[in-house]
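Here is the structure we will look at.
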There are 2 protein chains.
Amino acid sequence: MTDTKTEIIRVATGLILEKGYNAFSYADIAKVLHIRNAAIHYHFPTKTSLVVAIMKNQQEGLKNLIKELKSKNKSEIEQIQALFDLYIGLLAQKQICALGSLGSDIQTLAPEAQIEVKNDYELVRNWLMEILEMGKITGVFKFQCDATIQASVIINNLIAGIIVARFNGFDKETFKHTMNLLLTEIT
Amino acid sequence: MTDTKTEIIRVATGLILEKGYNAFSYADIAKVLHIRNAAIHYHFPTKTSLVVAIMKNQQEGLKNLIKELKSKNKSEIEQIQALFDLYIGLLAQKQICALGSLGSDIQTLAPEAQIEVKNDYELVRNWLMEILEMGKITGVFKFQCDATIQASVIINNLIAGIIVARFNGFDKETFKHTMNLLLTEIT
DNA sequence: TTTCAAACTTATTTACTAGTAAGTACGTTA
DNA sequence: TAACGTACTTACTAGTAAATAAGTTTGAAA
């Protein structure tokens, strides 16, 4: 039997990435899972507690991906490509990323939820910085600026690239070309 | 006397850029302008008609800026800097741009509103492409890739850069550094 | 076999949402 | 001065939001 709490997080995450935090309701989740509205409140008393759980789950998922890639001794390029593939997968589901979706709604979130959005961002950025700095040492990458800024450019293109691609008819091609340009510019 | 219709657009635009499309109501506008809810419905029968008017207003504002910059014979660098300054101004008001805000809510907008978001994007991108191509001819810019992709990279960094800056304590510095990197990379 | 807690459901509350119907004040025009 | 349109207001509707209280089922432990 699938865990209801896990299922709620799964469905709610999809709704946030598709419609945004302020456009989905407990009723939307209840309808999909064939449970009552109050059942969701049993697991997540408030919408804030739900979005906090969702963001912690996102962070956990990312940490697991990083761990897996490292255990498989994936190269710097392969690790960045894995991040790109994550976004390509989202776009195929007509979704944007959590950072873009909750980032644009940040002013309507409770402080404890805002912190988790920021934590998720830090996680991605630190991972990317590590990859970039390691790649610079091994000679795979060459760039003269700070790795922080270089990482920012890549993340910015992921976050906004998927938003733009979605309102341009889910255009994967421009998104891919843009990300490839960024990658070739530093190799 | 200030025109109520114009004031509604002004206040509603601010609310969208600060909180997002699904987080503001006619009541919020009414409260600011000290008018009744129904007065807004008189000028804008539906929320869709309001957001369409807002986006057309954004497009008009941008067209006027472009016209002004060209009439003053501003250089390619100065024109791009004017676009950057627009974003710096938004960030100072704790706001993100219309493309980021409405782009992440696109799936919850009526088709006629979605089209206007896309139109606004096209306007910015075409302007940037023109600047980049002109700059390449005059020798101010040097880049080997397609101007379309180069323009995409700049826009993506504006859209996402301001979103990220806002949830990172309205950090102007990283945003400025990132945009400066992009500019120096092609000059 | 009783007890109890986990995981729900039913039913309800309070507050807010977009939208509408009907009436009014007011300046302009015929 | 009568008529009319613009720009509102008051009052309301139907629907939805998050959240809660109270009751029910169920399986496992004492």
Side-chain angles (χ1 to χ4, degrees), chain A residues 1-55 57 101-102 104-114 116, chain B residues 1-16 18-55 57 101-102 104-114 116-117:
Chain A
M1 183 211 173
T2 48
D3 183 27
T4 303
K5 198 168 184 175
T6 309
E7 284 291 283
I8 292 168
I9 290 178
R10 205 199 85 237
V11 172
T13 302
L15 287 166
I16 287 179
L17 304 192
E18 198 201 325
K19 302 170 64 180
Y21 178 73
N22 294 299
F24 90 96
S25 70
Y26 275 35
D28 294 329
I29 305 167
K31 199 180 272 181
V32 174
L33 295 178
H34 303 105
I35 53 173
R36 304 294 121 191
N37 206 308
I40 305 165
H41 279 283
Y42 171 75
H43 293 287
F44 303 100
T46 63
K47 210 179 175 184
T48 292
S49 71
L50 175 56
V51 76
V52 165
I54 286 170
M55 288 314 289
N57 181 253
S101 179
L102 293 174
S104 63
D105 289 338
I106 203 89
Q107 304 280 61
T108 68
L109 299 181
E112 59 262 49
Q114 294 180 351
E116 294 309 323
Chain B
M1 182 214 173
T2 47
D3 183 26
T4 304
K5 197 167 184 175
T6 309
E7 283 292 281
I8 292 168
I9 289 177
R10 205 199 85 237
V11 172
T13 302
L15 288 167
I16 286 180
E18 199 201 326
K19 303 168 64 181
Y21 178 74
N22 294 298
F24 90 97
S25 70
Y26 275 34
D28 294 330
I29 305 168
K31 199 180 271 180
V32 175
L33 295 178
H34 303 106
I35 54 174
R36 302 296 121 190
N37 206 307
I40 306 165
H41 278 284
Y42 171 75
H43 293 288
F44 303 101
T46 63
K47 209 179 175 185
T48 292
S49 71
L50 175 57
V51 76
V52 165
I54 288 171
M55 288 314 290
N57 181 253
S101 180
L102 293 174
S104 64
D105 289 338
I106 203 87
Q107 304 280 59
T108 68
L109 300 182
E112 58 261 51
Q114 294 180 351
E116 294 307 324
V117 177

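In what follows, chains carry the letters A, B, and so on, assigned in the order in which the sequence lines appear, proteins first and then strands, with residues in each chain numbered from 1.
Residue B/Thr4 has a polar side-chain atom (N or O) positioned under 4.0 Å from OP1 or OP2 of D/dC8. Look at B/Ser25 and you won't find any side-chain N or O under 4.0 angstrom from OP1 or OP2 of C/dC16. Distances shorter than 4.0 Å separate none of the side-chain N or O atoms of B/Arg36 from OP1 or OP2 on D/dC8.
Within residues 39-50 of chain A, the residues approached by DNA chain D to less than 4.0 Å at the level of any non-hydrogen atom are A/His41, A/Pro45, A/Thr46, A/Lys47, in residue-number order.
Residue A/Gly20 comes nearest to A/Ser101 through the heavy atom pair CA-OG, 3.7 Å, listed as atom of the first residue, atom of the second, then distance. In plain terms, the two heavy atoms of B/Asp28 and B/Ala23 that are nearest each other are OD2-O, 4.0 Å.
Here C/dT10 presents its P atom at 12 Å from CD1 of A/Ile35, a figure rounded to the nearest Å. In this structure, CD of A/Glu7 is placed 15 Å from C1' of C/dA7, rounded to the nearest angstrom. At whole-Å resolution of the value, CG in A/Asn22 and P in C/dT17 are 11 Å apart. In this structure, A/Lys19 atom NZ and D/dT16 atom C1' are separated by 12 Å, rounded to whole Å. Distance OH (A/Tyr21) to C1' (D/dA18): 10 Å, rounded to an integer number of Å.
The listed nucleotides are C/dT10, C/dT20, C/dA18; the one nearest the side chain of B/Tyr26 is C/dA18.
Between A/Tyr26 atom OH and A/Leu15 atom CG the span is 12.5 Å, to the nearest 0.5 Å.
Stacking of A/Lys5 on the aromatic ring of A/Phe44 is recorded, both the 6.0 Å distance cut-off and the 45° axial limit being met.
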Start with the C-alpha gap between B/Tyr21 and B/Lys47, add the side-chain angles, then the distance that decides, and say whether side chain to side chain contact (heavy atoms under 4.5 Å, CB included) holds.
-> CA-CA 9 Å; B/Tyr21 178 74; B/Lys47 209 179 175 185; 3.6 Å; yes
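A/Gln107 contributes no side-chain N or O that, together with a main-chain N or O of B/Lys19, makes up a donor-acceptor pair within less than 3.5 Å.
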